[in-house]
Each structure stands twice: as C-alpha cells, then as structure tokens.
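This report concerns only the one structure given below.
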Protein chains: 2
Amino acid sequence: MDRPITIREVAEVAGVSPATVSRVLSGSTRVNPVLRAKTLGAVERLGYRANRVAQALRTRVTNTVGMVVPNIANPFFPVIIQAVEAELHKHDARLLLCDSADDVAQEADLLRSLLDQQIDGILLSPCDCIASRSAVRMAAEQVPLVQIDRVAVRDLHYVGVDQEAAMAAVIAHLAEEGCRRFAYVSFSVRASTAAERLRGYVRHVRRLDAKSAERVYSGDVSIAWGREAALRIVEEGDLPDAVVCADDLAAVGVLESFRREGIAVPEEVLVTGFDDTILAPALTPSLTSVRQPMEEMGREAVQIVRSAARGGPPPRRQLFSAELVIRESSRRVRAASRRVSPYSARAQRPRSTARTAR
Amino acid sequence: MDRPITIREVAEVAGVSPATVSRVLSGSTRVNPVLRAKTLGAVERLGYRANRVAQALRTRVTNTVGMVVPNIANPFFPVIIQAVEAELHKHDARLLLCDSADDVAQEADLLRSLLDQQIDGILLSPCDCIASRSAVRMAAEQVPLVQIDRVAVRDLHYVGVDQEAAMAAVIAHLAEEGCRRFAYVSFSVRASTAAERLRGYVRHVRRLDAKSAERVYSGDVSIAWGREAALRIVEEGDLPDAVVCADDLAAVGVLESFRREGIAVPEEVLVTGFDDTILAPALTPSLTSVRQPMEEMGREAVQIVRSAARGGPPPRRQLFSAELVIRESSRRVRAASRRVSPYSARAQRPRSTARTAR
DNA sequence: TCCCCCCCAGAAATCGTTCTCTCGCGCTAA
DNA sequence: TTAGCGCGAGAGAACGATTTCTGGGGGGGA
C-alpha cells in the first residue's frame, strides 16, 4: 500500500512543471503539443490518478451530492436512489447516502454532517413537514438543496407529484367502482406526502360520505401497521366498501389481515395502495396503486441540483404526473351486488390518467 | 452563501494559534484550560465546523466508505445498505453508494473512482466471480476491501453465508415434503452466489433424481425472468414436484405464471425463493425462502473494513448461518397424495436450522 | 532592425487542516 | 543559584491539487 503518484512526480518524469500537468489534464489552457504529449506519456506510464480530495480542497467542488431519505428499506426509495446514482454517475459525480430513520434530529445531524463534507448539493426527503424546516432552510442557505418526494419548505426546490390529485384519482376510481364508504390507513401525517394524501382523501370522500372522511387510521410505514389497522377496522364491525392505503406496505398488511379474517378482496372490500412499489403487482390480488415516475424524479432532482450549483434558476416546484395503476384489488367483480354498476357510463369515463395493468 | 468559518478565524477570535484550536477540538494533547475555554467559546460563538475535505487531505482519512452493489433496486440490497449506513453513522463515517448495474466494466470504473476519492475502505458485492477479480485485487491493494454477499477473490475479506449449505437445506426440506423431481430457476452463475447455490442444488438433487440436476433455467435477477422460466417449464409438459428459485424475484414470476396457467401452488408444485426479501411473506402463497442475516452482515462488514484500516487481522471469510424460513409455498397440503408423508418421522426432524413462519 | 505584445510555462501562493519542530517558561534537583 | 528537563503553545511546513502571477521568447508591425 505505497503512496499513490502525485502530480509532482508526474511533472518530474515528464520534465515539466506541476502546473503544466494540471493544465494538460484539465484542458483549461493551450499547452505546447510536445509538452502535452510528454505529460500524457508520464501520466500513462505512472498510472497517475488525481487525488480528488486535494482537488476538492482547492476548487471547492467535490462532485459529490448528499442524499437523505427517511428509510432506505422502504422499496419506494431504492428506485429513486438508483436513478439518482445513475444520473450522477453520468456526470462523474458521486452519491453520499444517508438514512434519517424518520427522525428529525438525526436528519438535522446528517444535513450538518453533509455540509461539513463540502458536498455540492443535497437531495432530501424531509421526514417532518414542520419540524424539518429549520434544518432544511439552514442547509439550503449553504448549498443547493432539492426536496424530493416529501417537502418541508415550499419555496425551495421540490420534485414530486401532486399527491392530493393522485389521491383524488384513487377515490374517483373507487367511486366509479361503486364504493361509497371508505376507511383510510395512513402513515404519520408529519410526512408531507401523508398529509397531502390525507387531504385528498378527506376532500373527495367527504362528498360521498361524511363519516368516511373521519375514518382515518394513522400509524407508520410498515406492513405491521397495515395488519393492525385492518384488524381494527374488522373489529369495529363496520366494513367499508374500500380501504384506501397511503402506502403499499400498509396495503400488504391490510390484505394479509383481511385474508386471515376471511374477508375477500375485492369481493367484499376493495383495497388500494400508493407508490406502486415492486410489491404491488406481486400481491394477490394484485394491488391497485399510484405510480410516481421515480426514475424521472431522481434524474430531474439531480439536474436541478447541478444547475443550481452553477447559479441556475430560482427554486421551483417541479410536479410530475402520477399514474393510477388499476389492478385486481380494486376491480369490483360482482357487479350486480352494488348500487352503482361498474359498467355504468361514469365508470367508462375515468377522470384521471389511468392505465390498466395485469 | 458566504464562506464558512475557518480554523484561522476561530484562532484569531480566541486569541490563540490555529494549532491550539486544532488541538482543543481533536483532544490530542493537553491544553491550558483557559485557552481551551476561550477556544471553545470562539468555536461556539462563530459556529465553526471543521472542513472535512481539508482534514481528509491532511490526515489521509476521509471517514468515508465506498460500497458497490450490482443492483440497488433488488430488495435484498437496501436492507444491507441500511445496516451498513447505520453502522457507519455510529462511527461518524459516511457511505458513498454505487450501483454497478451488474456490469464488470462499470464496476471496475466505480472502484477506481472510489479510490480516487481516497475512501477509507470498500464494501463490494462483485458482479462476476471471475471477471471482477482483477479490479477487486487492484482495489484491495490500495485500501481495505470487504466482499459482501458475493465473492470474487477467495483470499480477501468476505462476509456472507454458506450458500451451498443453505441450498442443501432447501432441498432437504423439499425432499421431506416428498419432492423427488425438481427444476431450478437461477440468475447468472457469473454471480458467485448463483454459482454456489446452483452447486448446492445440483449436488443434493442429483441423489434424488439425476435428470433434475440438469433441469436448470438460467436468466437474470428479475420477476420477468421468473415468469418466463415458469412458462418454459410448463410448456415442456413435465411439471416437477418443486421449482427451486435462486432468488425471490424469480419466485415471484414463477408464482405469477403458475397462477395464470392454472397450476396450483403448493398443491401441484412447490416453489421456494431465496433471500427472504420483503416480498416473500407478502406473496400468496407466502414464499418459503432463505434468510441471510443481512443486518448482521452489514454491520460486520463495516467492522472488518474499519479494523482492517487500522491494520487489523488478515483477510478472512466470515460466514453467517442462513435460516430456511418455511412458508406456504413449500408445505405439502394433500399429504395422502405423496409417497412420503410430510408427517413421517423424517419430516419431523428437519436437518437444518429452520424456523416456521406464517 | 527594433520594439511591443501576446502566449505559454514555471514559480509560488493558496485551499483549511494537522502536526512537527522549536522555543520559552517554570519547576526541581544538585 | 544554576543546570536540566518537561510541558505546552506558536510558527511554519506539509497534504496534493489549482491558479495567479511573472518572465522569457517569438512573432508581427512600424
């Protein structure tokens, strides 16, 4: 493990000054072709590779972007992370990944730590739409910061989808399937996405059934919570027409509990998820869910952070359109048993951009 | 976005030298309590935070570990990544995450790039047990490197499980359930895990049925491949007693195709997965799979890399024991129809450490 | 032919730390 | 009283790159 080659040694071997080596490699200035060739020869012969840390110290750019997400293991995030990493790699930049474990203090810590690293920018999915604010603002003052999926500070960069509209599409679809009475299984509304989805749920369900708008079960993002919530719904002895879940993991738990309790989905109750994770199409019944263009979002976030680093446009909200992916879990099978037939005119004209899968 | 505070300014405000500030903050030497207090006061008042890049340049330690995995989106990896990140965070270290997209050239590229970053160590799941070797060796010469899950160079650090033994447990379990004829759905055996699992499959299935040992379908790690493989199996018109999959994603596809083809699992054919991802318990039927202690592996890998950085013990293979998690997809339901009853004495005494779930 | 200007290469400063080296002070022992 | 020693703080040299500044040589114009 001997010392790596330095630019100084390359210069010596090439018989030029370190400055010239630097100029050759960065291509910043015209260099005498002869010296240039000698330099490149030496670089090649010695296998020289520039020390990025030294470069970073001098130039103040690290070509590194920090990313903080609430839970790496939630299958929603890896897809975004992958897209982000791929896009960064294209530009010879790297990803410093952190997991805030949905904890505001930890999140603030991580942001400070990333700033200490002199990262060029931050991609953040803030865990708490209120409590995360101060840390987010602090970080954004120092370095370009893009909120992704979740948002805490409205007037900073944000990449995501209109959650409320997406939830409206879910409810519209369920209504078309004949549902009138709903229950909602959410994760903590401290997450902006949960709050917005809930708002969408309440606003659109209220018109159909006032009581349903209040039938909200709030927990965390986990299968266990979905199980638990479904059990509560069953115990209350008042099965709704549909259980709307704020995330796929909850829906997995809900489906599981319903099966164990002998409640048939979609025959007796419809179920929907959110995020269209890898789980959704794999379940039985396959799960209707809302797909966000995660890859695009990841790419776009990187592009914004990079352009902001070069003094790009002022912060803006970049909203992508979500897509309702309708699967078995929300398709009424026994049309006759419902007040509104799913084959009615209304059902033929979906209100949202929806495609049908599986 | 004005310049951050430097140690020089802190020194000036505190009325001491930069060296003293450094000493106070690092706690490396005794410092006069008065100067110490003045320093800390200035640090506090100015909100000084050390520039990690400068520290790294000087000390040659970045407190950063690079990790390269073949596919972030494969739900197996995020769990490991999360554990790694958590363990690193405990020691005030950070994670530079890269996705090799299962491509050897890209992987080599990423390794070089990580070395340029002066990372303190590398965690790698090499995508090709042969072709990855030279890059892995090259990297390991420069910096502590731990192979995790997959392995390319046997005499370097490795953290994983005995894949062959784990596969043996799968086959033993299926044999106990009365299976004699098998088919195997694998991903590319260029991955060491796939190769070892295949070896386990072949070795143990051969004893039961020579032809089954050759019934191997090799593709990639994806649901689509599982679908495709199952269709081929069906088309061949010779349904085995069990389809053994080298990963959970393949199993998802297999289950899906079987359902669509009207083949009942586990009534007509048993199916097993591998990795015990979040998918396994969520499927219908729930999927028997092999659970590796991913969190432990992640933690251990970090510890090895850190201790190796301090000149720890020579490379060693750290094998954890995998656990066969038996679920519905491999439990024979119609005992009477099989030659060996699942309630026979043999079935009561499983050969491997297996627990029963769900 | 001479002067001026431009271009290119090298010297040296710089980025923000850490750390070695040096020096001064105070205390102890002879 | 003085020599020696130990401790602790500051000056300054690294770390490995980039970049400004400076100077020399060559070419073009008068």
Side-chain angles (χ1 to χ4, degrees), chain A residues 1-40 42-43 46-64 92 113 115-120 142, chain B residues 1-40 42-43 46-64 92 113 115-120 142:
Chain A
M1 299 209 190
D2 34 31
R3 289 267 161 94
I5 312 298
T6 70
I7 202 172
R8 187 148 241 109
E9 308 174 54
V10 174
E12 204 147 328
V13 169
V16 301
S17 75
T20 298
V21 177
S22 173
R23 282 189 274 251
V24 167
L25 293 179
S26 74
S28 58
T29 321
R30 295 197 58 74
V31 174
N32 182 325
V34 176
L35 299 190
R36 186 183 155 75
K38 283 206 274 183
T39 301
L40 291 177
V43 164
L46 298 177
Y48 169 74
R49 305 219 98 210
N51 180 329
R52 302 290 196 150
V53 171
Q55 281 184 326
L57 176 60
R58 181 63 234 237
T59 63
R60 302 173 166 289
V61 350
T62 52
N63 279 308
T64 300
D92 188 36
S113 155
L115 292 174
D116 294 346
Q117 299 292 314
Q118 312 291 113
I119 36 82
D120 298 342
Q142 322 247 357
Chain B
M1 301 213 190
D2 34 29
R3 290 264 163 96
I5 310 298
T6 71
I7 203 172
R8 187 150 241 108
E9 306 175 55
V10 173
E12 204 148 327
V13 169
V16 300
S17 74
T20 298
V21 176
S22 174
R23 283 190 274 252
V24 167
L25 293 178
S26 74
S28 59
T29 322
R30 297 196 58 73
V31 174
N32 182 324
V34 176
L35 298 190
R36 186 184 155 74
K38 282 206 274 186
T39 301
L40 291 177
V43 165
L46 298 177
Y48 168 74
R49 305 218 100 211
N51 180 329
R52 303 288 196 150
V53 171
Q55 282 184 326
L57 176 59
R58 180 64 235 236
T59 63
R60 303 172 164 289
V61 351
T62 51
N63 279 306
T64 300
D92 188 36
S113 156
L115 292 173
D116 294 347
Q117 298 293 313
Q118 312 291 112
I119 35 82
D120 298 341
Q142 321 247 358

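Remember, predicted model here, so these are calculated numbers, not experimental data. We name chains A, B, ... by the order of the sequence lines, and we start the count at 1 in each one.
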Under 3.5 Å, is there a donor-acceptor pair between the side chain of [X] and the main chain of [Y]?
| X | Y | answer |
| --- | --- | --- |
| A/D120 | A/V61 | no |
| A/T62 | A/Q118 | yes |
| B/T59 | B/Q55 | yes |

Name the pairs: protein N/O against N/O of nucleotides 14-16 of chain D, kept only if under 3.5 Å.
{"residue": "D/dA14", "atom": "N3", "partner": "B/R58", "partner atom": "NH1", "Å": "2.9"}
{"residue": "D/dC15", "atom": "O3'", "partner": "B/R60", "partner atom": "NH2", "Å": "3.0"}
{"residue": "D/dG16", "atom": "OP1", "partner": "B/R60", "partner atom": "NH1", "Å": "3.4"}
{"residue": "D/dG16", "atom": "OP1", "partner": "B/R60", "partner atom": "NH2", "Å": "2.4"}

**Prompt:** For the side-chain contact (heavy atoms from CB on, under 4.5 Å) test, which of A/V21, A/V24, A/V10 pairs with A/L40?
**Reply:** A/V24
Shorter than 3.5 Å, N or O on both sides, protein versus nucleotides 21-26 of chain D: list them out with atom names.
none

What distance do [X] atom [atom1] and [Y] atom [atom2] have between them, rounded to the nearest 0.5 Å?
| X | Y | atom1 | atom2 | result |
| --- | --- | --- | --- | --- |
| A/T20 | A/L25 | OG1 | CG | 10.5 Å |
| A/R3 | A/E9 | CZ | CD | 10.0 Å |
| B/I5 | B/R8 | CD1 | CZ | 14.0 Å |
| A/R23 | A/S17 | CZ | OG | 6.0 Å |

**Request:** Using the side chain to side chain contact (heavy atoms under 4.5 Å, CB included) rule, take B/N51 and B/T6 through it: C-alpha gap first, then chi angles, then the decisive distance, then the call.
**Result:** CA-CA 8 Å; B/N51 180 329; B/T6 71; over 6 Å; no
**Message:** On DNA chain D, does the nearest nucleotide to B/S17 precede the nearest nucleotide to A/V21 from the 5' side, or the other way round? Give the residue.
**Reply:** B/S17
**Message:** The criterion is salt bridge (Lys or Arg N to Asp or Glu O under 4.0 Å); which residues satisfy it with B/R49, sequence neighbours excluded?
**Reply:** A/D116
**Item:** B/E12, CD atom: more than 12 neighbouring heavy atoms under 6.0 Å
**Value:** no
**Prompt:** Which is the 5'-most and which the 3'-most nucleotide of DNA chain C that has an atom under 4.0 Å from a heavy atom of chain B?
**Reply:** C/dG16 to C/dT20
**Request:** Output the residues of residues 26-37 of chain A in contact with DNA chain C, where contact means a heavy atom of the residue under 4.0 Å from an atom of the strand; sort by number or write none.
**Result:** A/R30, A/V31, A/N32, A/L35
Kindly list each side-chain donor-acceptor pair under 3.5 angstrom involving residues 27-38 of chain A, sequence neighbours excluded, with atom names and distances?
{"residue": "A/S28", "atom": "OG", "partner": "A/S26", "partner atom": "OG", "Å": "3.1"}
{"residue": "A/N32", "atom": "OD1", "partner": "A/V34", "partner atom": "N", "Å": "2.7"}

